[in-house]
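Fair warning: this is a prediction, and the values are worked out from it, not measured in the lab. Note that these values count all heavy atoms, side chains included, but never hydrogens, waters or copies made by symmetry.
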Amino acid sequence: MKITQTRSLIAACGLSLFALPAAFAHDADDKIEKLDTNGDGQVSRAEHSAGARQMFTKLDANSDGVVTLAEFEAKKDAKHNDKSRDDGKKSPDRNNKKSASHWFSMLDQDGDGRITSVESDAVAEAKFAKWDTNRDGQLSEAEIEAGYKHAKKEKRD
């Protein structure tokens with residue numbers, strides 16, 4: 001059971017921003033631009049945490065302090081549809097629900113079908129710690145890019 005929880009936590013780290021934001025963004029430049037509130041070109045632990053909380057709040061559509069799979073899927077679907085519109089072409093909905101369900105289960109650390117802010121914060125912190133490879137308390141563009149590449153590889157495996 002401990003190995004399963006560890007694997008789930010590691011896989012969840014592949015989500016963006018705060019764990020949850022990363023699920024919807026795949027570009028290090030874009031992520032830094034969104035999270036780097038002081039404009040220094042890096043993302044601090046505090047900026048990362050604040051971004052994670054902001055995304056959690058956006059996902060929690062009914063503001064009850066919990067994100068359900070339905071809320072998670074709705075946000076992922078909306079993001080998918082926005083991206084399709086931005087590209088000017090209809091992109092296939094290949095496994096969009098399955099993907100949302102997969103990521104949701106990785107974030108739902110206790111398996112109760114709900115993601116709490118505590119779970120979200122824990123995953124965000126674990127992701128930050130894992131991606132901050134030089135342990136300077138900042139995520140550089142290179143560290144974020146490497147983190148995304150690793151997360152994509154984990155998802156395929």
Side-chain angles (χ1 to χ4, degrees), residues 1-60 65-69 71-80 82-83 86 94-96 98-112 114-157:
M1 175 98 164
K2 185 101 170 154
I3 291 172
T4 301
Q5 288 175 334
T6 301
R7 285 185 181 164
S8 293
L9 182 61
I10 289 170
C13 290
L15 295 176
S16 84
L17 140 215
F18 80 85
L20 294 174
F24 306 110
H26 300 289
D27 180 47
D29 288 331
D30 185 45
K31 186 54 61 197
I32 287 178
E33 185 178 313
K34 288 178 182 177
L35 295 176
D36 180 20
T37 57
N38 67 1
D40 68 353
Q42 297 193 46
V43 177
S44 70
R45 179 173 266 108
E47 288 169 326
H48 189 265
S49 180
R53 282 188 215 106
Q54 183 179 22
M55 182 54 77
F56 181 85
T57 300
K58 287 180 182 178
L59 288 169
D60 183 14
V66 172
V67 175
T68 64
L69 178 57
E71 288 170 318
F72 196 85
E73 286 175 339
K75 181 67 173 178
K76 185 156 177 61
D77 286 346
K79 186 71 169 182
H80 175 78
D82 287 347
K83 186 174 181 179
D86 291 345
R94 276 182 274 143
N95 300 321
N96 198 40
K98 181 180 178 185
S99 178
S101 174
H102 169 79
W103 286 118
F104 183 89
S105 68
M106 297 298 183
L107 293 167
D108 181 17
Q109 294 180 317
D110 62 8
D112 68 352
R114 309 164 359 128
I115 301 169
T116 65
S117 62
V118 171
E119 287 172 309
S120 176
D121 290 347
V123 172
E125 176 55 33
K127 177 183 152 193
F128 186 92
K130 181 177 180 179
W131 287 15
D132 183 18
T133 55
N134 65 0
R135 304 295 179 242
D136 67 351
Q138 304 280 332
L139 294 178
S140 66
E141 182 177 342
E143 287 172 318
I144 292 172
E145 189 66 40
Y148 281 128
K149 285 179 183 177
H150 182 72
K152 286 179 184 178
K153 184 180 182 293
E154 282 183 343
K155 183 179 177 191
R156 281 179 277 163
D157 292 345

Problem - Heavy-atom pair with the smallest gap, counting every atom of Val67 and Phe56 - result: CG2-CE1, 3.5 Å
Spacing of [X] atom [atom1] and [Y] atom [atom2] [to the nearest 0.5 Å]:
{"X": "Ser120", "Y": "Leu59", "atom1": "OG", "atom2": "CG", "answer": "8.0 Å"}
{"X": "Glu143", "Y": "Phe128", "atom1": "CD", "atom2": "CZ", "answer": "8.0 Å"}
{"X": "Ile144", "Y": "Gln42", "atom1": "CD1", "atom2": "CD", "answer": "9.0 Å"}
{"X": "Ser49", "Y": "Leu35", "atom1": "OG", "atom2": "CG", "answer": "10.5 Å"}
{"X": "Leu139", "Y": "Ile32", "atom1": "CG", "atom2": "CD1", "answer": "8.0 Å"}
{"X": "His102", "Y": "Leu107", "atom1": "NE2", "atom2": "CG", "answer": "9.5 Å"}

Between [X] (side chain) and [Y] (backbone), is there a donor-acceptor pair under 3.5 Å?
{"X": "Asp121", "Y": "Glu125", "answer": "no"}
{"X": "Glu119", "Y": "Asp110", "answer": "yes"}
{"X": "Asp30", "Y": "Lys34", "answer": "no"}
{"X": "Thr57", "Y": "Arg53", "answer": "yes"}
{"X": "Arg135", "Y": "Ala129", "answer": "yes"}

Handout entry: Test applied, side chain to side chain contact (heavy atoms under 4.5 Å, CB included); reference residue, Val43; option that passes from Lys31, Gln138, His48
Key =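 Looking at Lys31, Gln138, His48, the match for Val43 under the side chain to side chain contact (heavy atoms under 4.5 Å, CB included) is His48.
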Problem - More than 12 heavy atoms from other groups under 6.0 Å of CZ on Arg114 - result: no
